[in-house]
Amino acid sequence: MNVFPRRLKILVLMLCALVELSSAQAPPPSSTYLKCGWLLDGKSDQLQKDVIVVIDGENIQPIGAAGASQVPASQVVDLSRETCLPGLIDTHTHILLQGDITAADYDEQLLKQSPEYRTILATVNARRALMYGFTTIRDLETEGAGYADVDVKKAINNGVIPGPRMQVATRAMDVTGAYPLQGYAPNVVVPHGVQIVDGVEDGRKAVREQISHGADWIKVYSDRTYSVRPDGVLDDIPTFTIDELRAIVDEAHRERHKVASHAMAIHGVHNSVAAGVDSIEHGNYIADDDLKTMASQGIFYVPTIFVGDYVARGRAATGATVWLQMMSIHEDTFRRALKAGVKIAFGTDAGGFDWKIDPAKEFADMVKFGMTPGQAIRAATSSAAELLDMQDKVGTIVAGKFADIVAVPGDPLKDVTVLEQVDFVMKGGVIYKKP
Ligand SMILES: [Zn+2]
């Protein structure tokens, strides 16, 4: 039965024709125009003045494709007093941690908080990361919260909660007796912050297991127990044997996944580099020969400077004064790595410090240790994208890539700390924060 009166039907048809006519003249309603006072596209260190970035759906359109005069005001975002730059990338985070200066802080999270509660906190941290301007993160293990990172990533990708694009490492690996929780009576069963793996076959099996449950990256802890030698070199006890590390790396690469290695000192770094990992995390001390190998093989260095400074004072207060000496050793290593031409990606270890602190503080430390602001910004954009194999999707403001764009009220090439004041955040064409 036709319930529409004839006259109403004609009216509806006329309205439809009108809508069609107007939409043919106006740009598609999904287009957004960012009127940037200055643009740092991530390819060069030169600011471009007065640029309009056109976004259609979730992608960037060819720069300068539309004249500003034809653009309807409702679709323009006025950032004329701001510098636009690619969304920032933090390649070393822990959204399931809330800061752990001392062993007691860490133990309490694993002993007194359920994985479910920790996951709720993680969703808040993911949102914080995005609001700080980090539109992509590599989250380097859940610290005892199993595969919760895979679910947070899924919830973000499904549009359930706001957060950055994520690559996740799930449980990470270390050997028996090397990773907290430690020091409890032998008859007390305690949780561990990693999957305990001993032996070559165990290593391969753990890689298969973690990848099957959603790991994008495999994370290994390659050293522990640090001390400064009389010659100033940072010493350590390696965890895995070189054979174990080689098997883990081989299995991960065979399955086309990359390996990140926590390696802070001489032996851990050397074994990791020899085993062919893809990134060295922290690297407080790296021998010159290993820097040379890293440069020639394209192994990334993710220095995480800020967290070292942040935890040093707390850990020194509990007697571990080695953490204070590590800062100057770290600076020397960073400067040698720069000179050796090692690829450096921005990573902070956020979660190792409280998420209420903006991880962008790392930029100032990188500049203090010898990078130009432009180099530090590229470490957090195009270089980080390369480490994540996402260089065709993010890391520069170029046509066809995801519209992941942030803006700051100043010139980050003059004062890199302005990156701690990100006041505009767009991810995949969706605006999450506006000045
Ligand atoms: Zn970490």
Side-chain angles (χ1 to χ4, degrees), residues 89-103 105-107 109-110 118 121-122 125-126 128-129 134 136-146 148-149 152 164 166-174 178-181 192-195 210 215-226 234 236 239-240 258-265 268-269 272 277-286 300-312 314-315 323 326-327 330 344-355 357 359 361-362 365-366 379-380 384 387-388:
I89 303 171
D90 190 340
T91 70
H92 190 135
T93 66
H94 300 278
I95 57 166
L96 283 130
L97 266 190
Q98 313 298 322
D100 62 317
I101 290 181
T102 65
D105 293 341
Y106 187 88
D107 289 15
Q109 290 182 58
L110 270 71
R118 294 181 64 193
L121 298 181
N125 295 337
R128 281 196 179 114
F134 293 94
T136 302
I137 60 173
R138 180 180 61 155
D139 203 65
L140 278 185
E141 86 123 326
T142 61
E143 308 282 358
D149 51 356
V152 173
M166 284 181 75
Q167 290 190 359
V168 298
T170 73
R171 301 177 63 192
M173 299 174 198
D174 204 338
Y179 205 85
L181 279 48
H192 291 289
V194 291
Q195 182 167 5
Q210 294 185 1
D216 300 303
W217 279 78
I218 295 301
K219 162 111 180 255
V220 290
Y221 285 85
S222 299
D223 60 12
R224 67 180 176 92
T225 317
Y226 309 102
L234 189 64
D236 56 355
T239 54
F240 292 103
K258 285 177 154 183
V259 180
S261 175
H262 163 111
M264 292 177 58
V269 171
S272 301
V277 303
D278 301 280
S279 67
I280 295 291
E281 308 299 314
H282 315 301
N284 295 57
Y285 177 83
I286 307 176
F300 271 84
Y301 177 29
V302 181
T304 69
I305 304 163
F306 172 75
V307 69
D309 190 31
Y310 179 80
V311 300
R315 288 186 181 166
W323 290 87
M326 270 193 220
M327 283 310 289
H330 208 168
I344 298 178
F346 180 99
T348 66
D349 218 358
F353 56 90
D354 197 313
W355 277 97
I357 299 168
K361 284 183 179 297
E362 180 82 13
D365 285 327
M366 291 173 115
L387 172 61
L388 305 187

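Counting starts at 1 for both ligands and their atoms, following the listed order.
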**OP:** Specify which N/O/S atom of D349 comes nearest to the Zn ion (ligand 1), by atom name.
**Re:** OD1

Subject >> H94 backbone or side-chain N/O/S under 2.8 Å from the Zn ion (ligand 1) >> reply: yes

Original post:
Which of these passes side chain to side chain contact (heavy atoms under 4.5 Å, CB included) with S279: R138, H92, K258?
Top reply: R138

Original post:
Can you tell me how far CE of M326 sits from CG of N284, rounded to the nearest 0.5 angstrom?
Top reply: 6.0 Å

Subject >> Residue among I89, D216, I137 satisfying side chain to side chain contact (heavy atoms under 4.5 Å, CB included) with L388 >> reply: I89

Original post:
With a cut-off of 2.8 Å, does any N, O or S atom of H92 fall short of it relative to the Zn ion (ligand 1)?
Top reply: yes

**OP:** Would you kindly say whether E143 and Q109 are connected by a side-chain donor-acceptor distance under 3.5 Å?
**Re:** no

